[in-house]
Q: 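First, the structure itself, so that you have it in front of you.
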Amino acid sequence: MEAEARPKIIGARVQRVEDPRLLAGRGAFIDDVNLPGTLHVAFCRSDHAHARIVDIDSAEASRMPGVTAIFTAADIEGKMHPIRATSRMADYFATELPVLARDKVRYVGESVVAVVAANRYLAEDAAERVAITYEPLGHAIDPVAAAEAGSPLLHEEAGTNVIVTRTFARGDVDEVLASAPVRIGDTFRMHRKTPAAMENRGYLAEYDQGRRALTLHSTTQIPGIVRDALVEMLDLPGNRLRVVAPDVGGGFGGKGALYPEEILVCIIARQLGRPVKWLSDRLEDLMTTNQAFDEIVEAELACDEEGRILGLRAEVIGDVGAYSIYPWTAAIEPVQVVSFLPGPYRVPVYRGRVRAVATSKTPTGAYRGVGRPISTFVMERLIDMAAAKLSLDPLEMRRRNMVRAEEFPYKSASGIVWDRAGFMECLDGVATAADYKALRQIQTEARAAGRWVGIGLASYAELTGLGSRIAVAPGMPVNTGTESARIRVDSTGAVTAYFGIASQGQGLETTLAQVIAEELGVRLEDVEVIQGDSAVVAHGTGTYASRSAVLAGGAAILSARAVREKVLEAASHLLEADVGDIDTGNGRIFVKGTDRALSFRELARAVYSEIGRLPREVREGMDLEATRMYDPYFGTTTPASHLAMVEIDPETYGVTITRYVVAEDCGRIINPLIADGQVQGGVAQGIGAALMEEVVHDDAGQILTASLMDYVVPTAMEIPAMEIIHLETERPDNIGGFRGMGEGGTIGAPAALANAISDALAPLGIMINELPATPERLFRLIEAATTRNERRATRVG
Amino acid sequence: MIRVTVNGVTSEHAVEPRLLLTDFLRHHLGLTGTHVGCEQGVCGACTVILNGDSVRACLCLVVQADGGEIETVEGLGTVDNLNPLQKAFQEHHALQCGFCTPGMLMTGVDLLRKYPLATDAEIREGLSGNLCRCTGYVHVVQAIRSVVQAEKNGS
Amino acid sequence: MKPPAFEYLAATSLAQAVAALANDEAKIIAGGQSLVPMLNFRLLAPSLLVDITRIPGLDAIEEDGGGGLRIGALTRHHTLETSAMVQARFPVLSAAMKHVAHLAVRNRGTIGGSLCHADPAAELPGLALLLNAQLKTTQRTVAAADFFEGALSTALAGDEILTEIQLPALPPRTGWGFEEFARRSGDFALTAVGATVSLSDGEVAEARIVVIGADDTPLRASAAEVLLTDRSGIAAAAIAAQGQVSPNGDLHGSADYRRHLVGVLTRRALTAAWRRASGTGGEAP
Ligand SMILES: Cc1cc2nc3c(=O)[nH]c(=O)nc-3n(C[C@H](O)[C@H](O)[C@H](O)COP(=O)(O)OP(=O)(O)OC[C@H]3O[C@@H](n4cnc5c(N)ncnc54)[C@H](O)[C@@H]3O)c2cc1C
Ligand code: FES
Ligand code: FES
């Protein structure tokens with residue numbers, strides 16, 4: 001028998017292995033994990049934006065039916081070491097991260113009192129009876145005002161609300177701007193978003209008093225980081241503290257930080273010796289899950305007469321909310337806004353300065369795209385504004401400035417190094433796929449008929465799969481540059497692979513199994529991927545920052561190769577052949593060009609149960625297991641271009657997306673089905689960010705968007721069909737040849753839509769420099785423009 | 001005492017009047033396939049079929065369902081034997097985290113029964129009461145369209 | 001977000017329900033699609049819920065003999081949406097129903113519940129007003145025009161139950177229009193306008209316009225209606241409708257934007273109504 005060629009599994013459109021359980025209602029999400037005797041927590045949360053806690057009276061509540069215990073900050077004092085998100089960054093103040101508010105509250109929704117009862121209904125009944133007396137303090141809602149001296153201070157010890165300041169500079173931008181032939185600029189505003197994963201956050205802690213061991217089931221993206229933090233806080237060794245992420249219903253960054261509630265359930269479970277669960281309801285989610293995308297960017301771009309960029313300057317204020325989150329710090333988003341602002345373009349001279357301002361609002365953190373949806377929005381608007389001023393086509397303007405193939409590796413003005421990736425290929429790809437010229441023709445005709453039609457382009461590049469050389473957040477002390485994989489062939493020949501990452505819908509159980517199946521030479525169904533459990537590998541941080549395919553995929557390749565070597569070694573004795581003559585494929589091990597073969601099961605039986613079949617000298621040290629760590633060292637570049645076409649109802653100002661095309665270079669694709677899904681989902685969130693979603697606070701810091709009726713995320717009606725082009729230019733310099741791609745869609749869409757709407761409204765002289773572009777905002781812009789134009793007409797006439 | 005038939009199994013229970021159908025299914029019957037995303041009727045994750053109609057289980061007191069017949073996602077098809085709609089979801093990659101999925105499926109069941117779903121626009125409108133944060137809906141629409149097509153070809 | 005504790009009674013007759021409602025802290029529950037969210041947010045804490053959905057005979061749609069319809073208060077939204085009788089006699093109602101929430105909510109929500117809940121942005125209260133509905137309760141019959149008193153507030157007494165919605169026949173040669181703008185499919189309207197135009201000898205004999213979501217209650221734009229019968233035209237009517245509303249702004253739309261929408265949607269609804277009435281695709285007046 002001629003041995004079968006090894007089937008290609010990487011790159012195949014295989015169906016996901018996690019689907020059957022999820023489709024049959026047999027997934028195990030946090031609230032599906034039920035332990036006997038579980039107690040439930042409801043919180044009393046602050047209804048003040050900034051206030052001193054004068055008194056807490058829980059006497060009546062403690063007598064309510066089913067109540068086991070009530071906790072305030074005083075009750076947990078001394079039961080944990082406090083934690084702060086530290087950083088090596090200069091000009092950064094690490095705020096505390098209180099588990100329950102002590103002395104004062106700093107945002108509406110902050111947890112003050114925890115009521116523990118037999119079930120959630122009873123816990124809420126009792127929580128209603130807790131009386132908390134507050135003495136309001138001046139609050140800091142507007143980030144610009146909060147940055148001024150004299151503003152009420154959230155953290156007195158800091159002496160200011162400006163908790164991060166950072167500048168990136170190359171060359172003298174003021175000089176360039178002063179002498180530039182073309183100079184354009186504006187103040188851009190992106191309003192606050194919340195990740196709004198469909199599953200709310202939830203935590204279940206169980207304490208085994210016999211083993212003195214704590215297990216936390218958590219909807220976390222970062223089980224390893226949470227485990228390591230809890231070890232420090234709770235004085236337990238790592239082998240008695242386990243953090244498990246079950247099936248997680250979406251994260252998008254919102255589940256990617258350590259939360260006060262997850263620390264608290266651990267403390268309570270340990271103290272009461274009972275399992276303790278807290279499940280966020282939607283109201284709590286919209287008040288307390290880390291929010292994002294809240295920046296004001298004042299930016300100016302200088303060009304020559306041909307549209308070549310000469311320089312860029314930006315002043316950014318990030319409204320980061322009340323606390324600096326662990327481990328990423330409050331800097332993670334605002335700093336990325338300035339470091340990524342130059343985009344995929346040659347910007348010779350640059351200065352970007354950012355100030356992160358603490359305000360009396362929900363803390364902010366990492367949300368899909370992290371800062372880059374804002375930087376891309378600003379840069380792409382500037383490019384279009386410059387193109388308009390120069391009467392250049394926006395596509396041509398981009399072509400003239402984009403980093404060209406021969407310029408890689410290219411060091412950006414802020415110091416980011418882009419490796420060779422398909423920048424221009426994506427731009428050309430999207431223009432070709434959409435037939436850009438024809439679209440412009442359609443637009444011209446529509447305009448002539450009085451219709452408001454616009455086309456918007458957006459190009460960007462992101463760094464994904466970051467290795468140890470580049471920190472995910474500036475100066476952070478946690479290493480996120482490595483991941484490990486442990487792969488084991490057991491005595492039945494089945495393959496189990498263990499990872500420190502934690503999927504929240506990305507399909508990693510499938511893509512990692514594909515990688516392992518191909519490398520090891522087994523069938524997809526032979527591989528079981530275990531992830532989202534801090535106990536299964538020595539170190540792993542989780543799934544965030546578009547890293548899992550690159551890092552965990554890389555680790556999977558390395559350990560699969562190591563296991564395969566062991567398999568070949570054992571097989572060489574059993575098949576009496578040279579290692580070099582043996583290959584694996586489809587779950588079989590065979591001598592090439594012969595019919596001598598073994599199944600993995602037969603091999604495993606020989607190695608573990610019939611060890612006598614192997615020569616004595618190889619038995620010692622023989623196993624079918626390996627663990628490897630992978631560090632891509634730098635990161636890889638993932639570029640993309642988006643094109644959006646919109647039509648605006650000239651009377652109601654409702655926006656309809658009539659065309660959406662994405663071209664992206666995500667390197668070697670593991671599974672095209674999943675890659676498409678990642679782009680579609682990302683774009684949908686970007687569309688929400690561009691047109692609909694906005695967390696609104698009133699002047700007293702009350703959150704007005706506290707339900708999914710008011711925090712408007714897109715439905716199937718608002719998201720169009722999309723065309724996606726995957727380009728694979730050069731393989732990036734990492735072992736799998738993968739590029740991360742989990743976030744990109746969200747990065748490109750706000751910019752593409754802002755440009756498309758601006759283009760549609762260009763005849764009125766309207767520019768969309770504030771997002772989301774809700775019908776209300778369009779109404780106000782159009783009203784103002786109409787008055788302006790009428791006034792101009794009268795003056796002329 | 002209330003009496004309900006869930007996925008063909010009838011049982012009686014003593015319940016508090018305020019118990020929501022979601023919590024009853026999930027915590028009293030252990031049918032955790034029905035999910036909870038908002039408890040306000042907006043997200044659709046909790047959608048089940050009650051007496052032949054899709055309903056929000058989070059907006060239904062279990063006492064109101066007394067004597068009723070309920071179908072949940074667990075009643076559709078098993079892990080080893082998915083029904084055609086579930087299969088279409090898998091084939092078209094219409095789920096990512098899978099949290100919204102049970103609600104999408106139960107809505108799909110009712111939509112397929114009640115509307116011709118002749119166009120994608122009609123499918124999208126029908127799905128618009130079910131929020132999904134992961135997929136961007138594109139593949140969900142494709143999955144449902146493929147089932148409409150298959151039913152049309154089959155009949 | 002769990003409801004507070006309450007007692008529950010599944011009433012089997014109107015008399016039993018009315019008697020139970022003598023308790024001040026009792027509340028009726030029908031489809032529960034507005035009530036249960038409020039309970040889950042703990043915005044209400046009734047001591048007793050009186051479930052009226054098991055009272056027989058309150059969910060029928062019947063012809064009244066005069067070309068109108070009698071609709072039982074417990075008729076579900078989805079039944080209204082798909083009823084052939086409604087489609088034949090009040091197509092504007094069928095059209096409006098498609099904008100009410102989503103299928104699963106329409107499967108449970110009742111017409112009576114929607115009218116009694118009286119959300120200013122809800123379609124059914126507006127349609128009741130547009131169609132000159134008479135609302136029959138356990139105590140009396142009230143005209144829709146006298147029923148809605150404010151946002152979430154009606155003329156009903158605490159122990160009064162709405163039982164039937166009577167829709168009198170529309171005049172012959174009546175066309176209709178329904179236009180809604182919402183931020184998202186299925187959401188409550190930012191603003192919606194319903195209109196009917198009845199022609200006689202080529203002239204507008206009667207026009208009705210209802211504006212939804214632009215005031216504390218739905219409003220008949222009577223000043224605008226008159227402008228159609230006196231031939232001032234649709235554009236003038238749209239401006240008059242704008243003048244008659246005093247919208248409240250909220251985070252989804254300011255008062256000014258809502259007022260703007262009233263003008264646009266009134267013009268569109270009237271144009272559609274006029275075209276349907278005249279049976280032509282021609283220019284509306
Ligand atoms: C997600 C979502 C979206 C929605 N979107 C829309 C929308 O776009 N447009 C829209 O119009 N509605 C919308 N609704 C509301 C929906 O239409 C409700 O069904 C309706 O408002 C209430 O009907 P119900 O039978 O469910 O009433 P219930 O919730 O049971 O009762 C509502 C109120 O009316 C009282 N009541 C009920 N029946 C009677 C009666 N016969 N006599 C006296 N009092 C009575 C109750 O005591 C209660 O105060 C939405 C609801 C949800 C959950
Ligand atoms: S949980 Fe029922 S609709 Fe969201
Ligand atoms: S698949 Fe995650 S919410 Fe729909």
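The sequence lines fix the lettering, A, B, ..., with proteins before strands; numbering per chain opens at 1.
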Q: Taking every heavy-atom pair that is under 4.5 Å apart, which of B:Val55, B:Val63, B:Leu50 has the most such pairs with chain C?
A: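 Looking at each of B:Val55, B:Val63, B:Leu50 in turn, B:Val63 comes out on top.
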
Q: Go through C:Met38, C:His78, C:Met1, C:His102 and name the one with the most non-hydrogen pairs under 4.5 angstrom from chain B.
A: C:His102

Q: Checking heavy atoms, do the side chain of B:Leu61, its backbone, both or neither come under 4.5 Å from chain C?
A: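 Only the side chain of B:Leu61 comes within 4.5 Å of chain C.
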
Q: Looking only at atom types and distance, does a side-chain atom of C:Asp215 sit under 3.5 Å from a main-chain N or O of C:Thr217, one as donor and one as acceptor?
A: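 No.
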
Q: Does a salt bridge link B:Arg113 with B:Glu71, judged by any charged N lying under 4.0 Å from a carboxylate O?
A: yes

Q: State whether C:Lys27 and C:Asp51 are salt-bridged, where the test is any N-O pair (Lys NZ or Arg NE/NH1/NH2 against Asp/Glu carboxylate O) under 4.0 Å.
A: no

Q: Which of the residues B:Glu125, B:Met106, B:Gln64, B:Arg124 is involved in the greatest number of heavy-atom pairs with chain C at under 4.5 angstrom?
A: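 Of the candidates given, the most pairs with chain C belong to B:Gln64.
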
Q: Is the closest basic N to carboxylate O distance between B:Arg3 and B:Asp66 below 4.0 Å?
A: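 Not counted as a salt bridge, because no side-chain N and carboxylate O are separated by less than 4.0 Å.
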
Q: Find out whether C:Leu14 and C:Leu58 are in side-chain contact, i.e. whether some heavy atom of one side chain is under 4.5 Å from a heavy atom of the other.
A: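 Yes; the side chains approach each other to less than 4.5 Å.
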
Q: For C:His252 together with C:Phe188, are the ring centres under 6.0 Å from each other?
A: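 No, the ring of C:Phe188 stays outside the 6.0 Å limit from the ring of C:His252, centre to centre.
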
Q: Side chain, backbone, both or neither: which part of B:Glu16 has a heavy atom under 4.5 Å from chain C?
A: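 The side chain, not the backbone.
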
Q: What option among B:Leu19, B:Thr107, B:Asp23 has the most heavy-atom pairs under 4.5 Å with chain C?
A: B:Asp23

Q: Does C:Arg184 pair with C:Asp187 as a salt bridge, N-O distance under 4.0 Å?
A: yes

Q: Out of C:Ala10, C:Gly186, C:Pro4, which one racks up the most heavy-atom pairs below 4.5 Å with chain B?
A: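 Result: the option with the highest number of such pairs is C:Pro4.
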
Q: So what's closer than 4.5 Å to chain B heavy atoms on C:Leu39: side chain, backbone, both or neither?
A: neither

Q: Quick test of your reading of the model: are B:Asp110 and B:Lys114 salt-bridged, counting only N-O distances below 4.0 Å?
A: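 Salt bridge: yes.
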
Q: If you count heavy-atom pairs under 4.5 Å between each of C:Glu7, C:Arg106, C:Lys2 and chain B, which one has the most?
A: C:Lys2

Q: Would you please indicate if the ring centroids of B:His139 and B:His92 are separated by under 6.0 Å?
A: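 Distance test on ring centres: not under 6.0 Å, no.
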
Q: Treating C:Gln16 as the side-chain partner and C:Thr12 as the backbone partner, does any N or O pair qualify as donor plus acceptor under 3.5 Å?
A: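 Between the backbone of C:Thr12 and the side chain of C:Gln16 there is a qualifying donor-acceptor contact (under 3.5 Å).
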
Q: For C:Leu35, which atoms come within 4.5 Å of any heavy atom of chain B: side chain, backbone, both, or neither?
A: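 Neither part; nothing is under 4.5 Å.
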
Q: Let me know if B:Val42 has heavy atoms under 4.5 Å from chain C in its side chain, its backbone, both or neither.
A: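 Contact with chain C involves the side chain of B:Val42 alone.
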
Q: Mind ranking C:Gly31, C:Ala5, C:Gly32, C:Ser185 by heavy-atom pairs under 4.5 Å with chain B and telling me who comes out on top?
A: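 Option with the top pair count is C:Ala5.
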
Q: Give a yes or no answer on whether the side chain of C:Arg76 reaches the backbone of C:Gly109 with a donor-acceptor pair at less than 3.5 Å.
A: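 No, because the side chain of C:Arg76 does not come within donor-acceptor range (under 3.5 Å) of the backbone of C:Gly109.
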
Q: Within residues 83-101 of chain C, which positions have a heavy-atom distance to chain B below 4.5 Å?
A: C:Lys98

Q: What's the separation between atom CG in B:Leu25 and atom CG in B:Leu21, rounded to the nearest 0.5 Å?
A: 4.5 Å

